[in-house]
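Start at 1 and go down the list; that is how both ligands and their atoms are numbered. Being a predicted model, the structure only gives us computed values, none of them experimental.
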Amino acid sequence: MSDDQGAARGWADPTMPVTERVRALLAAMTLPEKVGQLHQVANPDPVRDAEALAAGAFGSCIVASGEHAGNVRDAGAGAEVVNALQRAAVESSRLGVPLLVARDVIHGHRTVFPIPLGQAASFDADLVRDCARVAAREATADGVRWTFAPMLDVAQDPRWGRVAESCGEDAWLTAHLGAAAVEGFQGGPGGLSDARDTLAACAKHFVGYGLVQGGRDYAEVEVGPVTLHNRHLRPFRAAVDAGVATVMSAFPTVDGTPMTAHGPLLRDHLKGELGFAGPVVSDWDAVGELCAHGVAADHRQAAALAFTAGVDIDMVTGAYHEHLADLVGAEAVPAGRLDDAVGRVLALKLRLGLFEDPFTDPTLASSVHLAPAHRALARRAAAGAVVVLRNDGVLPLAGRNDAAASRHLHVTGPFATAAGELLGTWTLDGRAQDTVSIAEAFRERFASGATRVTVDDGRFIDDTLVTARTADLVVACVGEHPMRSGEANSVTSLDLPPGQVEVLAALARVSRRLVVVVLSGRPLALERLEHLGDALVLVFHPGVEGGHGIVDVLTGDVPPSGRLPSSMPWTTGQVPVHHDQLPTGRPLDPDGPVGRYRDHRDTPALPFGFGLGYSAVRYEDLRLSAPKIGPGQVVTATVRLTCQGEHRVVETAQLYLRPHVAGVSRPVGELAGVARAVLEPGQSTEVTFALDHAALGHRDAAGRWCTDPGRWTVRVAPHAGAGRTAELEVAASPEPSPVPSPEPVPRPGGGGHPDDLNDT
Ligand code: BGC
């Protein structure tokens, strides 16, 4: 760019409003330069692609291997390469428009946190926000300014491998945690900050991907408008309210139309009714895939369909690059659409501060990556991804009085010594050598003292059994390899991988005490694990500090706080078996002879929200601040919690709602809030939920947003299958409207803050 061009045309002045700077840029750009802003390439090279960069032919790039999505570690971005790309884009080009560098920073960067499903098990928005903030700091030190996260698909079929990337089965929890992740990546509430350590977030995959038939990745989706709006669009509304900078369209077809070409949902609903003002990016090669879907004959038609539907950026197909200028010239796409799309991209780059400073300090990464505070957060997050499912008194290990019971502890199984496998799917920048294994963490914890720790990986189970018979306690670490979950990794069976149950059964026969630790990227079927061992602990792939986090919880150094973000079925044949199902016309008598299945139980093995602490907690005395609620009003629900055991607990109280009569059938219970409390042995505390009338609305069959008047049941519970109830009289909303007002998030009150635990 010549020295004075930017200043002369106005867009270089950072004091000018973004809209005016965008206008000035658009006025200066040629048609090919505009099209360039909508063309996203993969892994550009500053030398090989110097000419294209200088011509402004690339608006953004994704640094990632396109193969084995999310499961291949590559060299990564890196400040030096990104700076070279920016020099080519900014200093050699006519207008000096910087490149936007993207990468999938899904659950951490070099410091890898638990997979999103594991972070969701914390039910803790502050933790999720903090993890995203750290991920942004680390990724921006490598020159990345855009992440394709958070994933907001409501995932109710655990056969789908991408359940690992989700917040589980519940729309409220996904919305609540998704909004927190957006805030963390983007630098706080209120939208994208232009600080240099923020990432533009991307709410994906818009929309319905969590419903792929049979859990088969990329398969078709069938969903009616009531379910789509009340459940699957809800997290996207929350992300838009939280100021998410970008949205990604989903791969599948929804009711026959590929989402990449879905004008009614992308253009009319997301950008129209919801007022989303940022760019929509296609998923990887999804514009080209419109041909395979059978709705476009060639890339030209595919480009026209996607662009008209509202997809602003074509990720890697190159169809916009090849055909958009021609389509605009031929008036084959709507007038004004090009400037609208380009304006969205330019505004994002301006808001990120890229025009002022597109470069990254190459010395930054070494001090930021894996910083001690980041590792400490990762350890806390890993402990939060541990859910205690059954405990016949063997846990916590360090709390046991019978000293003899813990003299020889044997740790075995494929996950005992595993390191890189603890990181989970979509960890492009995680490294095995940074990761603390479960065996290492046990050895460290019992380095001094009377307990002897022995370890093997269980490859020769006949030999392991001999050790197991003499050990006082065996910890068997089994589960799924991370490649068994994630994109394109669906399964037909939710059982443990072949052979593991047999090994556990053999261990259970010979061990004095057996703790079974299952690591996984999805909810698993529990039928064959029901009686094996003295305790059963589920850990969603926990990240770089996984070993520490797991041992912290098993020993009782940190109270277990994980809760199930998805129901755990008995058997694969039960799925989907999520907690917020609709009632039927023939409710079941739980004690009656008739069930939904002839061959199995109707309910899951463990409900959504379930997770044991090391002390029982009593819920009592649920009170509402008023018996009625009307528009503009807030009613609080308060419950008393008491720790009944000898161990400190972190309790996650959950608020569920159900109207007695509604215009459309509503779920048997909908999560509407969570509140955490830290309780010392014997301590009582109260937690309070604020219930805002504006949060009670839903979309009816006529497409209007309304609130059903009448009696509602308010339930406060330790999980979806229990709780104390009270009745609330709800008044109707005054004016049904096509779009909901921004959703107020119920804020917890009372109880200690979980951060208090750091003091111990
Ligand atoms: C995935 C997206 C991801 C993109 C870019 C696709 O295969 O569906 O979630 O962001 O690749 O890596």
Side-chain angles (χ1 to χ4, degrees), residues 39-44 60-77 100-109 115-117 132 135 139 144-155 160-167 174 178 181-182 185 199-212 215-219 221 235-236 239 244-254 258-260 279-290 292-293 306 311-318 424-430 483 485-490 521:
H39 178 35
Q40 181 170 114
V41 291
N43 309 311
S60 56
C61 68
I62 170 169
V63 184
S65 163
E67 292 165 50
H68 306 293
N71 282 310
V72 171
R73 315 247 195 277
D74 55 27
L100 181 48
V101 177
R103 185 162 170 84
D104 290 275
V105 180
I106 305 296
H107 51 107
H109 187 67
I115 56 171
L117 192 63
V144 178
R145 294 305 305 276
W146 184 11
T147 178
F148 300 123
M151 196 254 236
L152 300 177
D153 301 310
V154 178
W160 187 44
R162 302 200 82 168
V163 69
E165 297 174 57
S166 80
C167 290
T174 306
V182 168
F185 287 130
L199 290 173
C202 183
K204 73 184 189 186
H205 307 84
F206 191 89
V207 60
Y209 194 3
L211 287 172
V212 282
R216 291 184 293 277
D217 211 354
Y218 315 126
V221 168
F236 289 94
V244 72
T246 71
V247 171
M248 183 188 291
S249 50
F251 281 130
T253 55
V254 172
M259 274 311 304
T260 314
V280 171
V281 60
S282 79
D283 204 336
W284 179 282
D285 198 21
V287 176
E289 288 178 9
L290 291 176
H293 276 295
V311 173
D312 300 301
I313 299 174
D314 166 10
M315 186 193 283
V316 312
T317 297
T425 186
W426 278 115
T427 47
L428 304 178
D429 293 275
M483 280 285 274
S485 58
E487 186 173 348
N489 290 302
S490 297

Separation between CG (Asp314) and CG (Asp312), nearest 0.5 Å, reads 11.0 Å

Rounding to 0.5 Å, atoms CD (Glu487) and CZ (Arg162) come to a distance of 4.0 Å

Ligand 1 to Ile62, heavy atom cutoff 4.0 Å, flagged ligand atoms 5 (C), 12 (O)

For Lys204, the ligand 1 atoms with a heavy-atom partner under 4.0 Å come out as 2 (C), 3 (C), 9 (O), 10 (O)

Asp283 heavy atoms within 4.0 Å reach ligand 1 at atoms 1 (C), 2 (C), 3 (C), 4 (C), 6 (C), 7 (O), 8 (O), 11 (O)

For this session: For the pair Asp153 (side chain) and Val207 (backbone), establish whether a donor and an acceptor sit closer than 3.5 Å, ignoring hydrogens and angles.
Result: no

Original post:
Any nitrogen or oxygen of Trp284, main chain or side chain, under 3.5 Å from a nitrogen or oxygen of ligand 1?
Top reply: no

Numbered in order shown, the ligand 1 atoms found under 4.0 Å of a heavy atom of Phe148 are 10 (O)

Would you kindly say whether Thr246 and Trp146 are connected by a side-chain donor-acceptor distance under 3.5 Å?
-> yes

dist Asp104:CG -> Leu428:CG (nearest 0.5 Å) comes out at 6.0 Å

> Any side-chain heavy atom of Tyr209 within less than 4.5 Å of one from Asp217?
Replying inline: yes

One finds that the ligand 1 atoms under 4.0 Å from a non-hydrogen atom of His205 are 2 (C), 8 (O), 9 (O)

Logged contact type for Trp426 with ligand 1, heavy-atom cut-off 4.0 Å, is side chain

Ala135 and Val105 have their tightest heavy-atom pair at CB-CG1, 3.8 Å

Return yes or no for this condition: an N or O of Tyr209 is under 3.5 Å from an N or O of ligand 1. no

Checking heavy atoms under 4.0 Å, the part of Met151 that sits near ligand 1 is neither

Atoms of ligand 1 under 4.0 Å from any heavy atom of Asp104, numbered from 1 in the order shown, are 3 (C), 5 (C), 10 (O), 12 (O)

Contact check: Glu165 vs ligand 1, nitrogen or oxygen atoms, below 3.5 angstrom: no

Counting heavy atoms under 4.0 Å, the part of Arg162 that contacts ligand 1 is side chain

Within 4.0 Å of some non-hydrogen atom of Met248, the atoms of ligand 1 are 10 (O)

Hey, what's the ring geometry for Phe251 with His205, parallel, tilted or perpendicular (30° and 60° as the breaks)?
parallel

Query raised in the report: Does the Ser490 side chain pair with the main chain of Gly161, one donor and one acceptor, at a distance under 3.5 Å?
Result: yes

